[in-house]
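Each remark here refers to the structure printed beneath this line.
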Amino acid sequence: MGTAATGTYTAKLTDGPLEGKTITTEFLDTGDIRPRLEIPAESGGKRYLYTRGAGLEFDSTEFPERPTAVDYRYLEALFD
């Protein structure tokens, strides 16, 4: 399945260095929510690892079984 078939959702970063920010991310090719996100820091050589939290929001009439927003919790910083 390609991106057009799987779609996107909003990842809500609930804590850590990016607390309160949101990003748009794609569902996995299987249609599942991504279990983790690696987000590059503004300064090179560092990424923030966020893992899926419990919060889900549903607000789509086209795909009512898929969440439109998912909470992610900060886990750690990764360095290159």
Under 3.5 Å donor-acceptor, D15 side chain and Y74 backbone: yes
Shortest non-hydrogen contact between P64 and F58, atoms and distance: O-CD2, 3.6 Å
Hydrophobic cluster membership, L49 vs I23, 4.5 Å side-chain cutoff: no
E57 backbone acceptor or donor facing T68 side chain under 3.5 Å: yes
Test side-chain contact (heavy atoms from CB on, under 4.5 Å) applied to T10 and V70, step by step: CA-CA 6 Å; T10 300; V70 178; over 6 Å; no
Path from Y50 to L78 over hydrophobic side-chain contacts below 4.5 Å: no
Separation of Y72 OH from L37 CG (nearest 0.5 Å): 4.5 Å
E19 with K21: basic N within carboxylate O range, under 4.0 Å: no
For the student: nearest non-hydrogen atoms of R73 and G53, plus distance: CG-CA, 4.2 Å
Neighbour count >12 (heavy atoms, 6.0 Å) for atom CG, D80: yes
Contact summary for L28 and I33, nearest pair of heavy atoms: CD1-O, 3.9 Å
Derivation and outcome, side-chain contact (heavy atoms from CB on, under 4.5 Å), residues D32 and F27: CA-CA 6 Å; D32 294 326; F27 287 95; over 6 Å; no
Check: Y9 side chain, R66 main-chain N or O, donor-acceptor pair, under 3.5 Å: no
Side chain to side chain, R34 and T25, heavy atoms closer than 4.5 Å: yes
